[in-house]
Amino acid sequence: MNTHESEVYTVAPEMPAMFDGMKLAAVATVLYVIVRCLNLKSPTAPPDLTYQETTLNHFLLKSCPILTKEYIPPLLWGKSGHLQTALYGKLGRVSSPHPFGLRKYLPMQDGATATFDLFEPLADHQSGEDVTMVICPGIGNHSEKHYIRTFVDHSQKQGYRCAVLNHLGALPNIELTSPRMFTYGCTWEFAAMVGFIKKTYPQTKLIVVGFSLGGNIVCKFLGENRTNQERVLCCVSVCQGYSALRAQETFLQWDQCRRFYNFLMADNMKKIILSHRGALFGVGSTKMLDADLSRLYTATSLMQIDDNIMRKFHGHNSLKEYYEKESCVHYIHNINVPLLLVNSADDPLVHNTLLTIPRTLAEKKENVIFALTLHGGHLGFFEGAVLFPQPLTWMDKVIVGYVNAICQWEKQKPPCLSQGAHSSETKCQDSKS
């Protein structure tokens with residue numbers, strides 16, 4: 001009996017060409033969104049520098065070449081200001097070191113207790129001098145934050161002693177000793193730390209460094225009283241906004257997701273304030289009421305917290321008055337020591353309209369250099385090849401590079417250029433080398 005085997009073939013229906021077109025369109029859309037969100041088409045460039053042509057500025061730019069070279073962020077994500085900011089906010093830094101320091105406690109006149117951490121240098125300074133960096137961190141930050149630890153470790157290895165202010169109320173394990181915590185522009189704790197350093201190390205020269213909110217505080221401190229600039233070689237401010245009053249409106253806008261960042265920072269501030277609820281709203285508090293606590297729970301922006309809580313620590317009558325008096329924009333023009341102001345064009349927290357303040361200042365004052373990078377986000381400034389960032393950031397390198405150049409200038413500057421006349425072209429001939 002013959003058997004016949006027959007093969008059955010199932011032929012899949014040919015998909016219409018339109019379906020392939022839809023797949024290609026979907027892929028193209030995803031790629032377009034990725035390219036736009038990651039800003040991959042954005043070029044790399046050196047910082048945009050605003051400064052006056054002086055002997056000192058020429059020397060600084062020649063001695064600190066990182067200011068004139070391209071800042072190259074990680075290829076895949078480093079051109080997104082949001083991702084740079086998010087990585088700073090979540091991780092601070094990668095492979096952060098653990099520098100060893102001693103915590104100091106300073107009693108204040110109003111009963112508060114200021115604290116700062118002191119880190120001794122790990123090498124001799126290149127100038128042979130005793131130089132101390134006095135550092136003010138960003139909002140709600142302290143010496144234990146990863147970006148501070150990374151910067152301190154790098155500075156110690158370059159021969160700098162570092163004193164890092166812990167914002168009043170920021171450390172979770174340090175109780176408040178009075179019904180007051182840090183505010184946007186209060187310089188009392190920073191002044192106490194600087195006074196301690198000057199008294200304890202009478203031969204040391206000071207480098208003043210501020211990050212974000214800390215940049216506002218240090219610039220306000222130096223501009224409040226000219227005596228605060230004594231023994232100060234220079235000041236560096238990174239990613240500050242200069243005027244809280246002008247920034248107020250921009251923080252309520254959804255442009256660059258600024259309103260979302262505002263909510264996140266407000267939520268963090270609420271946690272800090274509530275962790276000290278007993279000291280701030282307890283029996284000993286004369287400035288805070290139960291109604292203020294109720295408003296704090298419902299606050300969704302920094303402005304609401306500032307209006308209901310923060311301004312009352314110093315008796316300001318209105319939010320406008322608080323922002324006016326606590327912003328460095330009204331004091332920064334009094335700074336006469338060399339001043340480096342650094343911002344990033346893609347910083348989602350600092351609106352570009354605020355950058356007219358440092359740019360105008362640098363155009364008018366010969367001691368000021370304003371450096372605006374194309375990328376970097378808010379206190380990010382990560383560097384790296386493709387994906388993984390390096391432990392040390394462009395920000396760390398540029399601060400120490402600039403400060404090293406200042407110290408070198410102080411050691412070899414022409415005798416006719418004394419402190420307070422760093423760039424007086426009429427006193428010396430141009431000594432470019």
Side-chain angles (χ1 to χ4, degrees), residues 88 92-93 96-108 112-123 125 130-174 181-201 204-222 228 231-240 272 342 379 381 391-393 395-400 402-403:
Y88 146 73
R93 293 293 181 260
S96 179
H98 292 80
F100 173 77
L102 296 176
R103 183 151 296 163
K104 302 291 185 179
Y105 298 81
L106 302 175
M108 308 292 290
T113 303
T115 70
F116 70 94
D117 286 18
L118 188 62
F119 304 87
E120 292 297 333
L122 299 177
H125 192 269
D130 186 299
V131 188
T132 303
M133 287 195 184
V134 283
I135 303 166
C136 193
I139 183 170
N141 289 175
H142 44 73
S143 62
E144 297 175 10
K145 290 294 182 179
H146 288 194
Y147 77 99
I148 294 293
R149 284 166 29 189
T150 300
F151 176 68
V152 166
D153 180 74
H154 181 50
S155 301
Q156 284 181 290
K157 291 174 180 176
Q158 296 289 317
Y160 294 96
R161 178 186 298 108
C162 295
V164 183
L165 181 69
N166 300 310
H167 284 301
L168 201 60
L171 281 170
N173 58 335
I174 302 294
M181 58 181 290
F182 77 92
T183 59
Y184 177 67
C186 179
T187 59
W188 296 353
E189 293 81 51
F190 188 76
M193 180 180 75
V194 171
F196 177 92
I197 295 297
K198 285 184 175 181
K199 184 178 180 180
T200 307
Y201 305 96
T204 196
K205 303 291 181 62
L206 300 181
I207 305 294
V208 179
V209 179
F211 298 100
S212 192
L213 171 142
N216 178 73
I217 289 177
V218 301
C219 288
K220 182 171 177 281
F221 166 75
L222 292 177
N228 292 342
R231 292 168 57 185
V232 173
L233 295 181
C234 68
C235 174
V236 182
S237 164
V238 184
C239 286
Q240 69 150 309
I272 295 175
V342 179
L379 296 182
F381 299 103
L392 208 60
T393 68
M395 178 182 79
D396 303 312
K397 296 175 185 176
V398 80
I399 296 175
V400 172
Y402 173 83
V403 168

How long is the span from the [atom1] atom in [X] to the [atom2] atom in [Y], to the nearest 0.5 Å?
X: Q158; Y: H125; atom1: CD; atom2: NE2; answer: 8.0 Å
X: E120; Y: F100; atom1: CD; atom2: CZ; answer: 10.5 Å
X: T187; Y: M193; atom1: OG1; atom2: CE; answer: 11.5 Å
X: Y201; Y: L118; atom1: OH; atom2: CG; answer: 4.5 Å

Side chain to side chain contact (heavy atoms under 4.5 Å, CB included) between Y147 and D396, intermediate numbers included: CA-CA 9 Å; Y147 77 99; D396 303 312; over 6 Å; no
Donor + acceptor pair across side chains of D153, T150 (<3.5 Å):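 Judged by distance alone, the side chains do not pair up.
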So does S143 get a backbone contact from the side chain of N166, meaning a donor-acceptor N/O pair under 3.5 Å?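 Side chain of N166 to backbone of S143: a pair is present.
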So, the side chain of R149 versus the backbone of H98: is there a donor-acceptor pair under 3.5 Å, distance only?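 It does not hold such a pair.
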Return a table of donor-acceptor pairs under 3.5 angstrom between the side chains of residues 204-220 and protein atoms on other chains or two or more places apart.
{"from": "T204", "atom 1": "OG1", "to": "D130", "atom 2": "O", "distance (Å)": "3.2"}
{"from": "T204", "atom 1": "OG1", "to": "D130", "atom 2": "OD1", "distance (Å)": "2.5"}
{"from": "T204", "atom 1": "OG1", "to": "T132", "atom 2": "N", "distance (Å)": "3.4"}
{"from": "T204", "atom 1": "OG1", "to": "T132", "atom 2": "OG1", "distance (Å)": "2.8"}
{"from": "S212", "atom 1": "OG", "to": "H378", "atom 2": "NE2", "distance (Å)": "2.9"}
{"from": "N216", "atom 1": "OD1", "to": "C328", "atom 2": "N", "distance (Å)": "2.7"}
{"from": "N216", "atom 1": "ND2", "to": "Y184", "atom 2": "O", "distance (Å)": "3.1"}
{"from": "N216", "atom 1": "ND2", "to": "E326", "atom 2": "O", "distance (Å)": "2.9"}
{"from": "K220", "atom 1": "NZ", "to": "G185", "atom 2": "O", "distance (Å)": "3.0"}
{"from": "K220", "atom 1": "NZ", "to": "E224", "atom 2": "OE2", "distance (Å)": "2.6"}

A side-chain contact here means heavy atoms from C-beta on lying under 4.5 Å apart; do [X] and [Y] qualify?
X: V400; Y: F151; answer: yes
X: F381; Y: V238; answer: yes
X: V342; Y: M395; answer: no
X: L222; Y: V232; answer: yes

After noting the C-alpha distance and the side-chain angles of W188 and L168, does the key distance pass the side chain to side chain contact (heavy atoms under 4.5 Å, CB included) rule? CA-CA 10 Å; W188 296 353; L168 201 60; over 6 Å; no
Check the pair L106, F116 against side chain to side chain contact (heavy atoms under 4.5 Å, CB included), reporting the backbone distance first and the verdict last. CA-CA 8 Å; L106 302 175; F116 70 94; 3.7 Å; yes
For F190 and F221, take the angle between the two ring planes, folded into 0 to 90°, and tell me which bin it lands in: parallel under 30, tilted 30 to 60, perpendicular over 60.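 The rings of F190 and F221 stand perpendicular, inter-plane angle above 60°.
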